[in-house]
Amino acid sequence: MSKTAKMVIDKDFRISKVDERIYGSFIEHLGRAVYDGLYQPGNPLSDEEGFRKDVMEMVKELDVPIIRYPGGNFVSNFFWEDSVGPVADRPKRLELAWRSLEKNEVGLNEFSRWTAKVNSEMMMAVNLGTRGIADACNLLEYCNHPKGTKYSDMRIAHGVEEPHNVKVWCLGNEMDGPWQLGHKTMEEYGRLAEETAKAMKLIDPSIELVSCGSSALDMPTFPKWESKTLECTYDHVDYVSMHQYYGNRNHDSLDFLAQSDDMDEFIRTVIATCDYVKAKKRGRKNINISFDEWNVWFHSNAADDDITNNHPWQVAPPMLEDIYTFEDALLVGLMLITLLKHADRVKIACLAQLVNVIAPIMTETDGGAAWKQTIFYPFMHASKFGRGVVLQPMVSVAKHDTAKHEDVTDVESVAVYNEEKEELTIFAVNRTLDEDILLTTDVRGMEGYQVLEHIVLEESDLKLVNCAGEQRVYPKSVKQSSMDGGMMVSMLHKASWNVIRLGK
């Protein structure tokens, strides 16, 4: 007999309207993300500029509104001037973060054109590792100032008449991490970020700025880093960044699927710290969150270490090419639910990354076809159906313990109400491994709504992966939800991602 759970959803139980930028992503000059990923000149699958058309179609299918660029660790030794102007004149550089060779064939202006092709906007990061205030200001002037100055005229001379008008800027990357080039103490970073932010907003007051937060929940300086740095930057920034990756290193799938609870704790602690700084500063604005790196990442670690240590200075080596399992897709779904539950404060989020590097989209190394990883599907569903107002479901469900987590809910869920389309979408993950759950949902507050569709991602083998030419893990439409008098009954199979859509 199946376990049971109950849920109540009402359109008055509002958390917040979803900022569509929560479905952002990330492209770094790392591995095959750019070269051999989104850009392959000479490939019959590429357009006249060398950009892969099949990759672009998949990115458009994900409907990614904002893409962070150019890093990541890469940005902390990024010389932006090398990435603009005539391609033949651009220098090759030793890329120190990943010990690769950067040929600067694709740079700022090319990437801006690519984002336009995929209906997205660019979210730019500035180098506060090996560079500083002046270079950040010069880059902003190049990107956003109309004309009549040194760097705006340089952009025009490079064939880009209209400004890029980049509206979101990251003040460095993971500056709390000892691995970062130009790693700073919290006091050093706070002052540098404050002065950089002040100068950048003099050039363009319309931009939004992201102060660098902690690189992970388990950083030894967390959350003191946020407290100290935001005391400097509070008056000048709009967001603080969060980064987090998870992995099933102990081969414990039940505990792996509980790691989204750690993400929830991380977000709650950052919000509390932001609000503490707001109170201490007698401030009036909330500092919101840009969760601009998140994903599963652990499969490729040994191969990555071998390349960086034993085979350095290659152009676009195959790094961070995690091949994702079905259970990885379940955790990505759980992380998306967690982000949506905090839509009142998480306004930007970037799945890291987009193509080839810990990515939902892969291309074959020989220039063959692009293909979709398992994690492509929950992200696509959330981006497609998760736009509107997030509703807080009132859930009564059993809990279980794992090796490292206590009181883990058997079902995690959230609902998004699209008033314009008169649609309600419930995202739910049954994160038990051996028990189906019969979920009864009271939607009497959504009068006249009926089940449109129940989509599932489920497999008996948690380790199943996709590959080029073979999509073993993909979503299916099922008849597992039925409505009677405003009460919906749904069967959530063990270890499954569920998208239940209702409409008038």
Side-chain angles (χ1 to χ4, degrees), residues 1-9 61-62 253 257 260 324-337 340 360 372-388 391 393 395 397-398 409-418 421-443 446 448-466 470-504:
M1 185 175 179
S2 302
K3 295 178 76 171
T4 60
K6 296 181 179 179
M7 181 164 66
V8 179
I9 293 176
E61 193 175 348
L62 291 175
S253 298
L257 297 181
S260 59
Y324 288 115
T325 64
F326 166 63
E327 71 178 7
D328 294 332
L330 291 179
L331 186 62
V332 165
L334 287 160
M335 295 173 82
L336 285 160
I337 289 171
L340 285 169
K372 300 171 183 177
Q373 294 238 53
T374 63
I375 66 170
F376 183 97
Y377 297 108
F379 188 90
M380 178 191 71
H381 291 150
S383 180
K384 185 175 182 179
F385 302 123
R387 308 213 181 194
L391 305 180
V395 185
V397 64
T409 54
D410 288 355
V411 174
E412 273 292 289
S413 63
V414 74
V416 180
Y417 172 48
N418 189 318
K421 293 183 177 180
E422 295 188 313
E423 290 184 359
L424 175 73
T425 300
I426 298 166
F427 301 107
V429 175
N430 178 350
R431 51 179 170 175
T432 68
L433 301 183
D434 51 13
E435 294 183 282
D436 297 341
I437 296 175
L438 191 66
L439 174 66
T440 301
T441 305
D442 183 342
V443 287
M446 311 290 294
Y449 277 67
Q450 298 296 325
V451 177
L452 299 177
E453 188 177 22
H454 185 155
I455 305 168
V456 299
L457 204 63
E458 57 182 354
E459 298 293 340
S460 58
D461 182 0
L462 293 173
K463 305 300 183 182
L464 203 61
V465 300
N466 291 341
E470 190 169 7
Q471 291 283 291
R472 300 185 185 100
V473 179
Y474 58 92
K476 307 172 184 71
S477 290
V478 296
K479 303 292 185 182
Q480 290 173 201
S481 289
S482 60
M483 184 82 77
D484 185 11
M487 302 295 289
M488 182 175 67
V489 177
S490 304
M491 177 57 72
L492 310 181
H493 288 159
K494 62 184 180 182
S496 63
W497 161 258
N498 299 265
V499 182
I500 306 169
R501 299 178 56 230
L502 290 78
K504 281 197 170 182

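When reading the values below, keep in mind they use all heavy atoms of this one structure, side chains included, and skip hydrogens, waters and symmetry mates. All residue numbers in this chain count up from 1 along the given sequence.
Atoms OG and CG, from Ser383 and Leu336 in turn, are 9.5 Å apart once rounded to the nearest 0.5 Å. In this structure, Asn498 CG and Leu439 CG are separated by 9.0 Å, a value rounded to the nearest 0.5 Å. Put simply, CE on Met488 and CG on Asp442 are 10.5 Å apart, with the number rounded to the nearest 0.5 Å. Interatomic distance, CG of Leu391 versus CG of Leu340, reported as 11.0 Å (0.5 Å rounding). Between the OG atom in Ser481 and the CD1 atom in Ile455 there is a gap of 11.0 Å [rounded to 0.5 Å]. Note that CZ of Phe385 and CD of Glu423 are 7.5 Å apart. Values are rounded to the nearest 0.5 Å.
Residues Ser482 and Val451 fail the side-chain proximity criterion, which asks for heavy atoms closer than 4.5 Å. Contact check for Gln480 versus His493: side-chain heavy atoms found under the 4.5 Å cut-off. The shortest distance between side-chain heavy atoms of Pro378 and Trp497 falls below 4.5 Å. Considering only heavy atoms from C-beta on, Ile9 comes within 4.5 Å of Thr441 through its side chain. The shortest distance between side-chain heavy atoms of Asp328 and Val465 does not fall below 4.5 Å.
With Gln373 contributing its side chain and Tyr324 its backbone, the two residues share a donor-acceptor pair below 3.5 Å. Side-chain N or O atoms of Asp410 include none that pairs as donor or acceptor with a backbone N or O of Thr432 at under 3.5 Å. Side-chain N or O atoms of Thr374 include one that pairs as donor or acceptor with a backbone N or O of Thr325 at under 3.5 Å. Checked by atom type and distance alone, the side chain of Arg431 pairs as donor or acceptor with a backbone atom of Thr409 at under 3.5 Å. Put simply, the side chain of Asn466 gets close to the backbone of Arg472: a donor and an acceptor are under 3.5 Å apart.
Residues in residues 453-465 take part in these salt bridge (charged side-chain N to carboxylate O under 4.0 Å, His left out) pairs, two or more places apart or across chains: Glu327-Lys463, Glu453-Arg501, Glu459-Lys476. Within the structure, salt bridge (charged side-chain N to carboxylate O under 4.0 Å, His left out) contacts touching residues 478-496 (residues at least two apart or in different chains) do not occur.
Closest approach of Ile337 and Phe427 over heavy atoms only: CD1-O, 3.8 Å. Taking every heavy atom of both residues into account, Ala5 and Ile437 meet most closely at CB-CG2, 3.9 Å. The two residues Ile500 and Ser490 come nearest to each other via the heavy atoms CD1-OG, 3.5 Å. The two residues Leu462 and Ala495 make their nearest non-hydrogen contact at CD2-CB, 3.9 Å. Across Leu62 and Pro360, no two heavy atoms sit closer than the pair CD1-CG, 4.0 Å. Ala428 and Leu492 get closest at one heavy-atom pair: CB-CD1, 4.3 Å.
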Mind running side-chain contact (heavy atoms from CB on, under 4.5 Å) on Thr425 and Asn418 for me, showing each step along the way?
CA-CA 8 Å; Thr425 300; Asn418 189 318; over 6 Å; no
Discussion item. Determine whether Met446 and Leu502 satisfy the following criterion, side-chain contact (heavy atoms from CB on, under 4.5 Å), listing intermediate values before the conclusion.
Written reply: CA-CA 9 Å; Met446 311 290 294; Leu502 290 78; over 6 Å; no
Start with the C-alpha gap between Leu424 and Val443, add the side-chain angles, then the distance that decides, and say whether side-chain contact (heavy atoms from CB on, under 4.5 Å) holds. CA-CA 10 Å; Leu424 175 73; Val443 287; 4.3 Å; yes
Q. For Phe376 and Glu61, what are the C-alpha separation, side-chain angles and deciding distance, and is it a side-chain contact (heavy atoms from CB on, under 4.5 Å)?
A. CA-CA 10 Å; Phe376 183 97; Glu61 193 175 348; 3.9 Å; yes
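Between His381 and Tyr377, the ring planes are tilted. Angles from 30° to 60° get that label.
Just one of Ile426, Val499, Val478 meets the side-chain contact (heavy atoms from CB on, under 4.5 Å) condition when paired with His454; it is Val478.
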